[in-house]
Colleague: 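Right, I'll just put the structure down here and ask away after.
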Amino acid sequence: MAMIPSVTMNFPHISTHNISSNPIFSPICTNNSCNYSSSSSSVPISSNPIRLSSSIAYSEQVIMSHNVNLPTHLRKNHKIKVICARSEPLKVMISGAPASGKGTQCELIVQKFGLVHISTGDLLRAELSAGTDIGNKAKEYMNAGRLVPDEIVTAMVTTRLSKEDAKEKGWLLDGFPRTLAQAESLERLNIRPDIYIVLDVPDEILIDRCVGRRLDPLTGKIYHATNFPPETEDIKARLITRPDDTEEKVKSRLQIYKQNAEAILPVYSDIMNKIDGNRGKDAVFAEIDSLLSRVQKEEQDARKSEESVISSTQADMISLRKDWRGIPTRLNNIPHSREIREYFYTDVLQATQRAVNDGKTRLKIEINIPELNPSMDVYRIGTLMELIRVLALSFADDGKRVKVCVQGSMGEGALAGMPLQLAGSRKILEYMDWGDYGALGNFVNIGSIGGKEVEKQDDLFILVAPQNAVGNCIIDDMKAMTDAAGNRPIILVNPKLKDLPASSGIMQTMGRDKRLEYAASFEICYQFRLLYYAGTQYPIMGALRMSYPYPYELYKRVDESPGKEKYISLATFAKRPSIDEMNDAFEGKSRNQEKKAEGFWGFLSGIL
C-alpha cells in the first residue's frame with residue numbers, strides 16, 4: 001500500500017473498522033444535519049464562449065467567468081443538471097431594395113421555418129380594414145397625402161409581435177425597420193433579431209427587374225417581360241405596368257432605400273449577413289437556409305450551456321454546493337476505482353478552470369492521495385499523467401494551445417539526473433491516448449521546463465510535478481519560463497520546490513530567499529490532503545480541501561457502522577490553516593479561544 005506524508009495532529013483516537021473495497025461518496029454534513037447530494041454527477045459543462053440570451057437570469061459576467069469545460073471522454077459519464085430553461089424561437093429581419101426578391105425569399109423562409117411573417121404593408125391594410133385606432137390615425141395621414149409617422153408604424157409592428165403566435169413560432173420582419181428612428185424604437189423595447197439579412201443586388205439589375213415588371217390586375221400575380229413572361233397570350237394582353245415602376249421613380253426609390261439602409265446598418269452590424277441576391281431564387285434561399293439553420297443550432301447550443309451552468313453567486317451563498325457530491329470514501333484502498341479517479345479529475349478541473357477564467361496566471365495544484373502520490377509509489381505516475389491529460393484536453397477543447405512540460409535531466413557529472421518519479425513520464429505522455437481528433441501535436445504539445453520552451457503560439461502551460469533534486473534546483477528554469485510566458489497561465493501540478501541539500505550547502509545559502517519567494521508566488525487553486533495521526537498513514541483521520549474560489553474546508557472521517565464511513569464538516573478557513581488550527585477544530589476548541597500554556601510555563605502563568 002502506498003503511503004503519503006503525515007501531518008502532525010494531536011486529537012483523541014477515532015476507532016475504525018475494516019472498510020470494504022466498494023467506493024461510495026460521503027454525504028455532505030455540517031454539524032448534525034446531512035444533505036445528501038444526488039447520486040448522479042452534476043457537473044457544469046460548457047462550450048466555447050457564446051452569446052447568452054436575456055432569457056436566463058444569470059449575468060453573463062458570472063457565467064463566463066466560472067464556466068467549466070469537461071473533455072470529451074468525461075462528458076459521456078455525467079448527467080447534466082438543468083437549472084433553468086426557456087426556449088427562444090427564431091427571430092429574423094430581412095431587408096432588400098425594391099425588386100431584390102425579398103418577397104419570394106420571405107415565402108420560402110416561412111415555409112421552411114414556420115415563422116410568423118410580418119409586413120408593414122399587410123399590417124397597415126389589416127388595421128385600415130378593421131377600423132382600429134391605429135388604422136384610423138394612419139388613414140388620416142394617408143388621406144392628407146402624408147407618410148404615416150414612424151411611431152404609428154412601430155406601434156403596429158410591436159402590437160403584432162406581442163401576439164402569442166409570434167412569441168411561440170418566432171417572427172420574420174419583412175422590410176422593417178425602414179428608418180433609423182424605427183430601429184432605435186425597437187432597440188429601446190429590447191426587440192432585436194437573431195440575424196439581420198440583407199439581399200444585395202446591383203442597381204442595374206434592380207432597375208431592369210422593376211422596369212420589366214408587369215402586374216396581372218385579375219390575379220395580382222407579378223410577371224417580368226423577359227425573365228418571367230406570362231403563360232398565355234390572354235394573360236399577356238391584360239398585364240399592366242405599375243405607376244411607380246418607371247426608371248425614374250425606381251432610381252429615386254433606390255436612393256431613399258440606400259440612405260435608410262446605411263443609417264440602420266450600425267444598429268445591426270454585429271448580426272448582419274449580406275446575401276448575393278443576383279442569383280436564382282433557389283440558390284439565394286439555399287444560403288439563407290444555411291444561415292438560419294446555423295443560428296437556430298447556435299441558439300439551441302446556447303440554451304443547453306446556459307441550462308447546465310450553476311451560478312457561482314448562488315454557490316457562494318450556499319456552503320454545501322449542489323454540484324459537489326462530498327468526499328469519496330475508501331481512499332486508502334488502492335488502486336482507486338475509475339469513478340473515484342474521475343471524481344478527483346473533475347474536482348481539480350473545475351477549480352483550475354474557474355481560476356484561469358478569473359484571470360489568474362500563476363497557479364498551483366496540490367493533491368496528495370495515495371493514487372496520485374508517485375513520490376511514495378512510482379507506479380502511481382500513470383494516474384498523475386491521466387489527470388494532466390484531463391486538464392490539457394479541457395483547455396484544448398476551449399481552443400487553447402496547451403504545452404505540457406516535464407523537467408529534463410538536471411546537473412552534470414555525478415549529480416546529473418532527474419527525480420525517480422518523473423523518469424519516463426514524458427514517454428508516458430507521448431504514448432497516451434489523446435483522442436481521435438488530433439489534439440496531440442495540434443492543440444497539445446509536450447515539452448520541457450525552461451524559457452526556450454515558450455513559443456508564440458502557446459496559450460497555457462502545465463508543469464508536471466516540478467521539483468528540486470539533491471544538488472540541482474529547477475526554480476531557475478521555471479523563473480525563465482514564467483518570464484518568457486508573460487501573462488499566459490502557468491499551472492504547477494504537485495510541485496515540490498523546497499530547498500534540498502547540495503554540495504557544500506550551496507543550494508541552501510545562495511539566493512535561497514529569492515527562490516522561496518518565487519515558489520510562494522504561485523497561488524493554490526486546488527488542494528486536497530488526507531490527514532493522519534502524526535507518524536502514521538492509517539487510519540485516515542480527516543481531509544483538508546480547497547477549491548478555488550472557495551475557502552479551505554476541514555473534514556473529519558467517522559465510522560457509521562462496520563464497513564461504512566463518512567466525512568463531516570468541522571470548519572472553514574479563509575486561508576490555509578495551521579496544524580494547531582486543525583488540531584483545535586478536531587478537539588472542538590473555539591477558534592477564538594486563547595491557547596493555554598502547558599507544563600512549567602503554564603504553572604508560572606497560573607501563579608502570576
Side-chain angles (χ1 to χ4, degrees), residues 48 69 71 348-349 351-366 384-385 387-412 416-419 421-432 434-435 438-469 472-497 511 514-526 548:
N48 291 332
N69 282 359
V348 172
L349 174 61
T352 309
Q353 195 83 323
R354 287 192 294 262
V356 170
N357 288 338
D358 277 355
K360 305 292 184 180
T361 58
R362 301 292 177 263
L363 296 171
K364 182 165 51 176
I365 296 166
E366 294 180 352
L384 183 62
M385 295 301 105
L387 169 63
I388 298 297
R389 179 177 61 183
V390 169
L391 291 171
L393 286 178
S394 170
F395 288 108
D397 282 352
D398 272 349
K400 291 183 172 63
R401 296 188 181 274
V402 182
K403 179 157 285 184
V404 177
C405 304
V406 183
Q407 69 190 74
S409 179
M410 301 185 296
E412 297 179 359
M418 67 186 302
Q421 67 198 73
L422 293 178
S425 55
R426 179 162 180 159
K427 283 295 183 184
I428 293 175
L429 287 170
E430 292 173 351
Y431 288 131
M432 289 179 77
W434 289 89
L440 188 64
N442 293 309
F443 285 95
V444 178
N445 287 285
I446 300 171
S448 300
I449 296 176
K452 295 180 180 179
E453 292 292 324
V454 178
E455 298 179 280
K456 186 177 180 180
Q457 70 269 19
D458 297 328
D459 298 315
L460 181 144
F461 305 87
I462 300 175
L463 277 57
V464 182
Q467 53 196 276
N468 297 320
N472 295 292
C473 182
I474 191 63
I475 288 182
D476 290 339
D477 290 333
M478 289 177 57
K479 181 69 164 59
M481 191 170 198
T482 51
D483 289 345
N487 291 326
R488 287 174 281 182
I490 292 183
I491 303 166
L492 313 183
V493 181
N494 280 359
K496 293 184 178 179
L497 303 179
K514 289 293 184 183
R515 290 197 300 272
L516 295 180
E517 180 183 350
Y518 172 79
S521 68
F522 286 82
E523 178 181 352
I524 294 178
C525 65
Y526 183 86
Y548 179 90

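Values below: all heavy atoms of this structure, side chains included; hydrogens, waters and symmetry mates excluded.
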Colleague: Between the main-chain N or O of Leu429 and the side-chain N or O of Trp434, is there a donor-acceptor pair closer than 3.5 Å?
Modeller: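 Checked: pair present.
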Colleague: Could you pull out the closest heavy-atom pair between Ala519 and Lys364, with the gap in Å?
Modeller: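 So the two residues come closest at O-NZ, 3.9 Å.
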Colleague: Give the intermediate values and the outcome of side chain to side chain contact (heavy atoms under 4.5 Å, CB included) for residues Leu492 and Met478.
Modeller: CA-CA 10 Å; Leu492 313 183; Met478 289 177 57; 3.7 Å; yes
Colleague: Find the distance between CG (Asn494) and CG (Leu384) and round it off to the nearest 0.5 Å.
Modeller: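 Atom-to-atom, Asn494:CG and Leu384:CG are 6.0 Å apart.
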Colleague: Can you measure from CD1 (Ile365) to CD1 (Ile388) and round to the nearest 0.5 angstrom?
Modeller: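 Reported value, rounded in 0.5 Å steps: 7.0 Å.
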Colleague: Would you say Ser394's side chain and Val390's backbone share a donor-acceptor pair under 3.5 angstrom?
Modeller: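 Here the side-chain-to-backbone pair does not exist.
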Colleague: Closest approach of Gly451 and Ala484, non-hydrogen atoms and distance?
Modeller: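 Result for this residue pair: O-CB, 3.9 Å.
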Colleague: Have a look at Ile490 and tell me which of Leu463, Ile449, Thr361, Ile462 forms a side-chain contact (heavy atoms from CB on, under 4.5 Å) with it.
Modeller: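 Testing Ile490 for a side-chain contact (heavy atoms from CB on, under 4.5 Å) against Leu463, Ile449, Thr361, Ile462 leaves exactly one candidate, Leu463.
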Colleague: Do any N or O atoms from the side chain of Arg362 and from the backbone of Pro489 form a donor-acceptor pair under 3.5 angstrom?
Modeller: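 Not at all, since once roles are kept as given, no pair shorter than 3.5 Å links the two residues.
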Colleague: Output the distance between atom CD1 (Ile446) and atom CD (Glu430), rounded to the nearest 0.5 Å.
Modeller: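 It comes to 5.0 Å.
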Colleague: How about Met385 and Val464: do any of their side-chain heavy atoms sit closer than 4.5 Å?
Modeller: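 Side-chain contact under 4.5 Å: yes.
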Colleague: Less than 4.5 Å apart, side chain to side chain, heavy atoms only: is that true for Asp459 and Phe395?
Modeller: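 Result no, sub-4.5 Å side-chain heavy-atom pair not found.
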Colleague: Applying side chain to side chain contact (heavy atoms under 4.5 Å, CB included), run through Val348 and Val493 and close with a yes or a no.
Modeller: CA-CA 10 Å; Val348 172; Val493 181; over 6 Å; no
Colleague: At their closest point, which heavy atom of Met481 faces which heavy atom of Cys405, and how far apart are they?
Modeller: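 In this case the closest contact between Met481 and Cys405 is CE-SG, 3.2 Å.
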Colleague: Between the side chain of Asn445 and the main-chain N/O of Lys403, is any donor-acceptor distance below 3.5 Å?
Modeller: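 Side chain of Asn445 to backbone of Lys403, a donor-acceptor pair under 3.5 Å: no, none is there.
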Colleague: Please give me the minimum heavy-atom distance between Val402 and Ala396, naming the atom from each residue.
Modeller: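 Taking every non-hydrogen atom into account, CG2-N, 4.1 Å.
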Colleague: Would you give the length of the straight line joining atom CG of Asp477 to atom OG1 of Thr482, rounded to the nearest 0.5 angstrom?
Modeller: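 Asp477 atom CG to Thr482 atom OG1 measures 10.5 Å (nearest 0.5 Å).
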Colleague: Give a yes or no on whether the backbone of Asp458 and the side-chain of Arg488 come within a donor-acceptor separation of less than 3.5 Å.
Modeller: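 Yes.
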Colleague: Taking CG in Asp483 as the centre, count heavy atoms belonging to other residues, nucleotides or ligands within less than 6.0 Å. Is the count above 12?
Modeller: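 Check passes, neighbour count above 12.
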Colleague: List the atom of Tyr548, the atom of Arg354, and the distance in Å for their closest heavy-atom pair.
Modeller: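 Closest approach of Tyr548 to Arg354: O-NE, 2.6 Å.
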Colleague: Between atom CZ of Arg389 and atom CE of Met432, what is the distance when rounded to the nearest 0.5 Å?
Modeller: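 The CE atom of Met432 is 3.5 Å from CZ of Arg389, to the nearest 0.5 Å.
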Colleague: Taking all atoms of both residues into account, what is the closest heavy-atom pair of Ala355 and Cys525, and its distance?
Modeller: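 Minimum heavy-atom contact is CB-CB, 3.9 Å.
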